[in-house]
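Counting begins at 1 with the first residue of the sequence.
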Amino acid sequence: MSNWSYTGRSGAGDLVRGVLEAANQDAVADVLVGRGITPLEICESDAASGPGLEEWLSGLLAEKVKTDDIMLFSRQIHTLLKAGVPIMRALAGIQESSHSKAMINVIRDVREGLDSGRELSNAMSRHPKVFSMFYISMVRVGEMTGQLDEIFMRLFHHLDFEQFMRNQVKAALRYPSFVIAAMAIAIIIINIFVIPAFAKVYKGFNTALPLPTQLLIAFSDFMLAYWPVLLLGFLVATYLFFSYIQTTAGRFAWDKMKLRFPVAGKIILKATLARFSRSFAMALKSGVPIVQALTVTAQTVENDFIGARIEKMREGVERGESVLRTAIAAGVFTPVVLQMIAVGEESGALDDLLSEIAEMYQREVEYELKTLSAQIEPILIVFLGVLVLVLALGVFLPIWDLGKAAIK
């Protein structure tokens with residue numbers, strides 16, 4: 001028996017944390033579900049009982065379930081259920097036809113859960129790394145309403161949209177990251193190869209060098225003399241950075257900082273809000289209560305800062321405030337979006353208006369990405385201009401001084 005720390009949501013949507021003693025993670029999930037708690041994260045709290053090296057390596061090299069596998073699963077099970085195929089036979093057919101070993105193992109475990117008397121959503125909740133909290137909540141709604149086939153089709157479109165927006169965000173970050181890396185490499189090459197060559201020439205002049213030249217040569221000498229220390233410092237800083245953003249506070253700070261990046265920040269914000277609007281609209285359209293819909297949607301945006309704002313919206317709705325009022329307090333929506341939310345609440349068609357908001361944000365993200373290079377070019381020109389100016393002053397000022405002395 002091991003100790004397991006868990007984080008979950010109660011039926012009222014409150015965040016619950018604690019520690020349970022159980023044989024494995026699945027047993028903890030069963031206990032929590034029995035208590036009316038929806039598990040969000042379960043991890044072993046006793047570090048001494050962690051996996052060995054061999055088990056860790058096997059887990060690292062094991063095949064992972066991809067988003068495409070879950071999308072294909074959702075589409076296939078929708079087709080089979082709509083055709084009237086029983087759920088057990090449908091899962092067996094998908095398991096036999098799947099080409100992903102990881103997905104085959106997941107479906108096998110889900111079938112075993114159904115055989116032991118669990119509901120489909122409960123059996124899926126045993127795999128939180130494969131089926132998100134939002135996915136499981138939608139399946140649970142489908143079980144209660146008898147529209148499981150329709151729910152799986154909506155989940156397929158939702159996952160397709162999620163993947164598209166995730167790729168858009170990566171594309172927004174790829175170009176500036178590549179440019180910054182290229183400029184850093186150029187500076188390193190100049191300091192290692194170019195400036196030392198000029199420094200040898202200048203030393204033969206036996207004259208006082210201008211201040212910019214002295215600074216360039218001093219910085220180049222420092223890099224050449226202490227490059228092992230600089231490399232080690234860079235590796236340590238990188239390790240500390242990635243370790244920090246794995247923590248709750250670090251991930252929140254990093255997600256908030258990403259939204260403030262020049263040019264790319266607004267693209268990330270719009271893409272995140274598009275995913276929130278689409279997820280929230282789907283949950284409402286499927287019959288999920290608004291408080292629960294905000295709770296599960298906060299887990300799908302993959303941005304802790306925006307997720308915290310959505311949690312504030314949920315708390316406001318629980319206090320009896322309108323969605324419009326809580327959206328204004330969140331401070332992340334544009335006036336046009338707030339107006340559409342107001343109209344949606346008044347007309348009772350909030351889910352339809354949220355879908356239109358998602359499409360509007362999606363179009364804006366696509367437009368921003370098309371014009372991304374044009375927006376970044378002025379920033380790059382300024383940085384390159386400063387770099388060239390510093391190098392020109394450092395390299396050519398001594399030559400200029402020597403030329404004036406020769407003329408005299």
Side-chain angles (χ1 to χ4, degrees), residues 169-247 249-269 305 368 371-408:
V169 171
K170 290 180 180 178
L173 292 175
R174 188 180 299 119
Y175 183 58
S177 301
F178 174 78
V179 171
I180 293 173
M183 292 179 65
I185 293 173
I187 292 174
I188 293 173
I189 293 176
I190 290 172
N191 279 281
I192 293 177
F193 299 104
V194 179
I195 294 179
F198 280 97
K200 292 179 181 179
V201 176
Y202 295 153
K203 286 181 181 178
F205 293 162
N206 296 321
T207 57
L209 297 175
L211 180 61
T213 307
Q214 295 179 22
L215 293 176
L216 282 178
I217 294 176
F219 184 68
S220 176
D221 292 340
F222 175 78
M223 285 192 64
L224 290 173
Y226 297 99
W227 69 265
V229 179
L230 294 174
L231 179 61
L232 180 61
F234 173 76
L235 295 177
V236 171
T238 303
Y239 172 77
L240 292 176
F241 169 75
F242 284 104
S243 298
Y244 176 65
I245 63 175
Q246 295 300 319
T247 63
R251 187 165 53 248
F252 181 89
W254 174 240
D255 287 342
K256 184 178 181 180
M257 187 182 300
K258 285 191 295 186
L259 302 178
R260 298 178 178 177
F261 286 170
V263 182
K266 60 181 180 181
I267 301 178
I268 296 173
L269 175 61
F305 176 73
E368 294 283 356
T371 60
L372 181 62
S373 58
Q375 298 179 57
I376 291 181
E377 279 176 3
I379 301 176
L380 296 181
I381 290 173
V382 171
F383 275 106
L384 289 175
V386 172
L387 180 61
V388 170
L389 177 63
V390 171
L391 291 175
L393 290 175
V395 173
F396 294 111
L397 272 180
I399 300 176
W400 177 259
D401 292 341
L402 288 174
K404 290 194 296 183
I407 292 175
K408 291 179 180 178

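- Here D255 pairs with K258 under the side chain to side chain donor-acceptor pair (under 3.5 Å) rule; sequence neighbours left out.
- Counting heavy-atom neighbours within 6.0 Å of M183 CE, excluding the residue itself, gives a total above 12.
- Side chain of T238 to main chain of F234: a donor-acceptor pair is present (N/O by atom type, distance under 3.5 Å, no hydrogens or angles).
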message: Go through it in stages, so that I can follow the logic: the residues are F241 and W254, the test is side chain to side chain contact (heavy atoms under 4.5 Å, CB included), and I'd like the CA-CA distance, side-chain angles, deciding distance and then a yes or no.
response: CA-CA 10 Å; F241 169 75; W254 174 240; 3.9 Å; yes

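- Rounding to the nearest 0.5 Å gives a distance of 10.5 Å between OH of Y226 and CG of D221.
- When all heavy atoms of P196 and L224 are compared, the closest pair comes out as CG-CD1, 3.8 Å.
- A249 and Y244 make their closest contact through O-OH, 4.0 Å (heavy atoms, listed as atom of the first residue, atom of the second, distance).
- In summary, of the residues considered (I185, I192, N191), a side chain to side chain contact (heavy atoms under 4.5 Å, CB included) with I188 occurs for I192 alone.
- In terms of heavy atoms, I195 sits closest to S220 at CG2-CB, 3.8 Å.
- Atoms CE and CG, from M223 and L231 in turn, are 10.5 Å apart once rounded to the nearest 0.5 Å.
- Heavy-atom minimum distance, K266 versus E368: CE-OE1, 3.4 Å.
- Of the inter-residue distances, the one linking F383 atom CZ with I180 atom CD1 reads 7.5 Å to the nearest 0.5 angstrom.
- Rounding to the nearest 0.5 Å gives a distance of 12.5 Å between OH of Y239 and CG of L235.
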